[in-house]
Amino acid sequence: MVISNGFTYVAVLMLIAGGLLALQKYAKWKVFNVVPPLVWIYVINMILCTAGLYNSEGCSATYSALKNNILYAMIFVMLLRCDFRKLAKLSGRMIAIFLGCSFTIGIGFLIGYPIFKGFLGSDTWGATAALYASWVGGSANMAAMQDALPVDAGAYGCALALDTVCYSLWIALLLLMVRYSSKWDNAVKADTSKLKAVADAANAEVAKEKQHAGYGDWIFLIGISLAVSAVSQWIGAGMQGGLSSIGLGMFDKGTCTTLFVTIVGLICAMTPVGKLPAVEELSNVYLYAVVSLLASVATLTDLVSAPMWIVYGVFILVIHVVLMFLLSKVFHWDLCMCSTASVANIGGSASAPIIACAYHESYAGIGVLMGVLGAALGNFFGLAMGAILHLMA
């Protein structure tokens, strides 16, 4: 069975999300104490995608029309509760944790390449360096490295398969770990005081201004968030063209749009718009919709086409986790920041806010700032990795 109608596709996604949330609230199944509904939504839709349920032109067109539009609307709404003055105090820590993730991922690439290069095929160092650039700041960096390095087309396709599969599995695992973050934080004696200050400030503001949201509030908030999303994408495309003309092509349209949405959201957070009721509720609706859409295009079939590349990717992630845990023991980094930084590296500026907001709605800005940092550094790190891998090849 294949869903061919775009409306039916959206209806199924939202029915799965709503049904799981209803089961958690009313049936109180204990399984949700172990694996939260957000992870079940991701896994179930990934399985349905792999089974071919969503593999039609209608689903593909609807996904393309909705995903970015809702994503940027979500970022805007979540930033309405963001206290940027508190967030600024995390800047040094954010940069350190982000660079820690970039460094540990790079170590995984370097340790694993001599082990796996015989299984990956011939002339793979360029594609591997391009993949690392992607795992520092997003797929735009990978495309840029394809032009800058001698990348074999076949190896590049396998690297893309690795990127897709490992990213899908990684974001699902990090969503699962949200519930168990206290175990990591206790083990590393994490300093979460500044991070909690961001959440406490947002909660205090919400409590002070809390009021019942009427249908007019909902309609206005939905309307302004979708309008901001539409305008931001138009301006983001213009920003990207301007930056490319001065040699800053590593900032793709998605990064520019995310940056502009962030600026608008932070400004609006200081106006009466930031005090509107229903912000938390709508941000969660958008979050579950975006996660459902992302999962609906995450397929496991690429495991068959490039199995050893996938094993290489899993090996890199294992090294990344072990080294990040050791660094967290030394510097007392919490799991929220580490997870957000990890996805900001591997997924980019659009994915990082999803993980950050799974911890608290007011953390959206953390994910955005880390994602922008990755977009800026990815090409430089990719070129450095290419030089090293070329010597090892």
Side-chain angles (χ1 to χ4, degrees), residues 3 6-51 53-54 59 62-63 66-67 69-81 168-182 199 202-203 206 210 212-215 217-219 221-222 225-226 276-298 336 339-340 343 350-351 353-364 367:
I3 294 175
F7 179 79
T8 305
Y9 164 62
V10 174
V12 170
L13 293 182
M14 299 312 295
L15 178 62
I16 291 171
L20 288 168
L21 289 170
L23 287 174
Q24 180 193 36
K25 182 176 181 179
Y26 300 111
K28 302 186 185 301
W29 286 0
K30 292 183 179 180
V31 67
F32 294 120
N33 295 329
V34 180
V35 182
L38 199 61
V39 178
W40 282 112
I41 290 168
Y42 199 95
V43 171
I44 290 173
N45 281 303
M46 184 190 293
I47 292 172
L48 293 177
C49 176
T50 305
L53 184 66
Y54 304 136
C59 292
T62 303
Y63 173 87
L66 290 179
K67 197 269 285 185
N69 292 324
I70 296 178
L71 173 66
Y72 299 129
M74 180 198 79
I75 293 173
F76 169 76
V77 173
M78 287 180 169
L79 285 170
L80 293 179
R81 291 289 190 250
S168 299
L169 296 176
W170 193 233
I171 197 170
L173 179 61
L174 292 182
L175 287 171
L176 173 63
M177 290 306 298
V178 172
R179 188 177 292 272
Y180 305 100
S181 60
S182 60
N203 287 333
V206 172
K210 191 68 176 178
H212 177 71
Y215 70 89
D217 298 309
W218 276 90
I219 293 173
L221 194 55
I222 291 171
S225 64
L226 294 178
L276 285 172
V279 166
E280 291 76 22
E281 292 82 357
L282 181 59
S283 62
N284 282 323
V285 171
Y286 281 150
L287 175 62
Y288 280 87
V290 169
V291 170
S292 298
L293 286 165
L294 288 174
S296 71
V297 296
C336 173
S339 297
T340 303
V343 174
S351 304
I354 296 173
I355 295 297
C357 292
Y359 285 88
H360 195 276
E361 291 87 349
S362 64
Y363 296 165

Nearest-0.5 Å distance that lies between atom [atom1] in [X] and atom [atom2] in [Y]:
X: L282; Y: L287; atom1: CG; atom2: CG; answer: 11.0 Å
X: Y72; Y: N69; atom1: OH; atom2: CG; answer: 9.0 Å
X: L294; Y: I171; atom1: CG; atom2: CD1; answer: 6.0 Å
X: C336; Y: M177; atom1: SG; atom2: CE; answer: 13.0 Å
X: T50; Y: N45; atom1: OG1; atom2: CG; answer: 10.5 Å
X: C59; Y: L53; atom1: SG; atom2: CG; answer: 7.0 Å

Kindly give the heavy-atom pair with the smallest separation between [X] and [Y], and that separation in Å.
X: V77; Y: S225; answer: CG2-CB, 3.5 Å
X: A358; Y: V178; answer: O-CG1, 3.6 Å
X: P37; Y: L21; answer: CB-CD2, 4.0 Å
X: A289; Y: I70; answer: CB-CG2, 4.4 Å
X: L221; Y: P277; answer: CD2-O, 4.0 Å
X: S292; Y: A17; answer: OG-CB, 4.1 Å

Using side-chain heavy atoms (C-beta onward) and a distance below 4.5 Å, is [X] in contact with [Y]?
X: M46; Y: S168; result: yes
X: Y63; Y: Y9; result: yes
X: I16; Y: L48; result: yes
X: L71; Y: L293; result: no
X: L13; Y: Y54; result: yes
X: I222; Y: Y286; result: yes
X: E281; Y: W218; result: yes

Give the C-alpha distance, both sets of side-chain angles, the deciding distance and a yes or no for side-chain contact (heavy atoms from CB on, under 4.5 Å) between Y363 and I355.
CA-CA 9 Å; Y363 296 165; I355 295 297; over 6 Å; no
Does the pair M74 and I354 meet the rule for a side-chain contact (heavy atoms from CB on, under 4.5 Å), with working shown?
CA-CA 9 Å; M74 180 198 79; I354 296 173; 4.1 Å; yes
Should we say atom CH2 of W40 is surrounded by more than 12 heavy atoms from elsewhere, each under 6.0 Å from it?
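No - once you tally the heavy atoms of other residues, nucleotides and ligands closer than 6.0 Å, there are 12 at most.
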Could you check L66, L15, I3 and say which one makes a side chain to side chain contact (heavy atoms under 4.5 Å, CB included) with V10?
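Testing each of L66, L15, I3 against V10, the sole residue satisfying side chain to side chain contact (heavy atoms under 4.5 Å, CB included) is L66.
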